[in-house]
Amino acid sequence: MWNYSDKLKEHFFNPKNSGVLEEANAVGEVGSISCGDALRLMLKVEPETQVIQDARFQTFGCGSAIASSSALTEMIIGKTVDEALLVTNKDIADYLQGLPPEKMHCSVMGAEALRAAIANYRGEEWVDDHDEGQLICKCFGIDAPMIERAVEVNGLTTLEEVTNYTKAGGSCKTCHEAIEDVLEAVLAKQGKKLEPAAGAAAPAPAVIGLDQIAPLAAPVTAKPAAPAKKLSNVQRMQIVIAALDEMRPYLKADGGDVELIDIDGKNIYVRLSGACSGCQMASVTIEGIQTKLVEKLGELVRVIPHTMMAAE
Amino acid sequence: MGIYLDNNATTRVDDAVVAEMLPLFTEHFGNPSSMHGYGAAVGGKIEWARGEVQKLLGAAFDTEIVFTSGGTESDNTAILSALKAYPKRREIVTSVVEHPAVLSFCDYLESKEGYKVHRIPVDGKGDLDMAAYEAALSENVAIVSIMWANNETGTIFPVEQLAVMAKKVGALFHTDAVQAVGKIPMDLANSEIDMLSLSGHKLHAPKGVGALYLKRGIRFRPLFRGGHQERGRRAGTENAPAIVGLGKACQLAREALPVELGQVAALRDRLESALIEAIPNCFVTGNPANRLPNTANIAFEFIEGEAILLLMNEFGIAASSGSACTSGSLEPSHVMRAMGVPYTAAHGATRFSLSRDTTQAEIDKVIEVMPGIIERLRKLSPYWTNQGASTAFQPVYS
């Protein structure tokens, strides 16, 4: 039996705001019957103030799916649409005093439904990037194609690196054998062999001046090519653009894209769009881009989402 | 007191079984291999237990019974033994609805050891595709491993007939009878079944004990090597208290077989027909005409099993579900999928498994509360409206 929190049980046994919202002007429908959970989120947004006046849900799913839906409606009523968009799946899980790792996808479904409903309100098209491929890491919802891409793009060779780049296997660790199988298959295609797990973690490279945003994990393969020749600003920009172009097909395969916004010394600002923006893996994507740019430029740079510009 | 309808998961250890076991912890604690009175007393009890298992299975000899740690060990041992005994035969025949103790092990043997595995499909009622079975049999097959009765639906496979067919190509026939033993009569002496797995805790014995039936004369390769216990077929000091408990449980099961086939089946039918009558959009999965007397698996459409179980638990009712969410996987039960039960219903499949302890008052209580539970969840479901299902939906069988 799952170890559900009291808060979660409260929202399951007595869900708030369930049922149809007749006067809804925004509807988000996500999930799939095959996965065993589906959610219809209905919002009533006041056009003048953009405030969500009411929210209701209908959910097909387990206890934590119903509780996540109920929690979500409680969290967003009274917020403006922009404020509501800041609600992440982690916020939903935290609101419920945590979810079992295998149930985190329920909170992701809530966050997705919210984005879908707001896109619907704004007349935008929302692309469901919920992948139904074979899940390898159930804690973080990582499937085999995603691990394969990370291994191919970044030249990963160890389980540890795969975890650093994708989060897969970083929580309960029960999928390590499955990750190694995927890794081995990709490496075999490249004519390489799986490196045995290192006794100790590889030392983190010195990341000078990049301490304001702690990277998710040390990018193991990131090392400046030596000797670094002094490049002009235009040369640097061209290298950056070429590197981003090189990565674009992989991002597009995931339904996303990347755009260069500005280069300010060592800081390179990018905008992730499409499925990449707001994706829980955005930080991993940023990290992958940073690794690539460090490699191409032969100098240590920091890749920053453009949303952080104002905060700088 | 709660209402326990999850006896296919595990059963309450019978009081008489506990009583039979207790002296093995206190008075008769000896090692049966020891050359003194302490050992002899325990050895005698183990041999008595072996005889009780033999009688329940209708086996010809008590030496055909090997005690193990349970169903999974018996299953793994049987399959591996056949592959080792017949190294030139590189194929395995099994079914798509086996327990993971067989299915996952076959997956492993296929992907890591290079064996060819034939997984025989089932139809909408969970009955085996006999034509596919016959086609899969050949002189390359070392072992057929097909369950006697399915744990989720209770559907019974014609294992005696399947064993005869396997014999014709010289393949060993193993059956995982964990769910069937003690619920239906067995007569192994007059069958072609070579190996059979059973588990104690499914028939009111404790967890951690089981048995493997090995027909006299078949080739066997042990999984555990070491001591001479169990005639060298399963090394390791015997789990004497549990083995004696299993023996007592088999004796009780043999005596209770008429209760199982009579009273238990009648209560199951009462529960099933009342729920189908009272609740719209639900249906029985499996083959109602050919299944275990204690199992009812009902698929409630447009709602999800874990939510059903959580609400039932509030009423003290324990059952089980084939939904994805109860297992932590993302797929509903492989048995429901193999039968072609649509996703809209597979996630709401709920298994009620009774035992000889189940009373009519308990069943009537379940009949009373279930409609409200289902209605409550359907009110939350986007696939459901006040008028019923939000899309015209016809299950493949009803």
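Within every chain, numbering begins at 1; the chains are lettered A, B, ... in the order of the sequence lines, protein sequences first and strands thereafter.
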>> Does A:I66 form a side chain to side chain contact (heavy atoms under 4.5 Å, CB included) with B:L377? I'd like the steps, not just the answer.
In response: CA-CA 10 Å; A:I66 289 169; B:L377 290 172; 4.1 Å; yes
On a heavy-atom basis, which atom in [X] and which in [Y] lie closest, and how many Å separate them?
X: A:F13; Y: B:E314; answer: CE2-CG, 3.1 Å
X: B:F302; Y: A:F60; answer: O-CD1, 3.1 Å
X: B:P382; Y: A:A38; answer: CG-O, 4.2 Å
X: A:G61; Y: B:A307; answer: O-CB, 3.6 Å

>> Counting only non-hydrogen atoms closer than 4.5 Å, does B:I303 touch chain A with its backbone (N, CA, C, O), its side chain (CB onward), both, or neither?
In response: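 Contact with chain A is through the backbone of B:I303 alone.
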>> What part of B:R376 gets within 4.5 angstrom of chain A, counting heavy atoms only: side chain, backbone, both, or neither?
In response: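 For B:R376, the contact with chain A is made by the side chain alone.
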> By a 4.5 Å heavy-atom criterion (distance strictly below it), what part of A:P100 contacts chain B: side chain, backbone, both, or neither?
Replying inline: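 Contact with chain B involves no heavy atom of A:P100 at all.
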>> Can you tell me which portion of A:S64 sits under 4.5 Å from chain B's heavy atoms? Options are side chain, backbone, both or neither.
In response: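 Interface part for A:S64: backbone (N, CA, C, O).
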>> If we ignore hydrogens and angles and just use 3.5 Å, is the side chain of B:E306 paired with the main-chain N or O of A:G63 as donor and acceptor?
In response: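 Pair found, side chain donor or acceptor close to backbone of A:G63.
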>> Taking NZ in B:K207 as the centre, count heavy atoms belonging to other residues, nucleotides or ligands within less than 6.0 Å. Is the count above 12?
In response: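 Yes.
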>> Within this structure, what is the CD-OG1 distance for the pair A:Q58 and B:T385, rounded to the nearest 0.5 Å?
In response: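 Those atoms lie 9.5 Å apart.
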> Do B:L311 and A:F12 have side chains that get closer than 4.5 Å, going by heavy atoms?
Replying inline: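 Heavy-atom side-chain distance check passes, below 4.5 Å.
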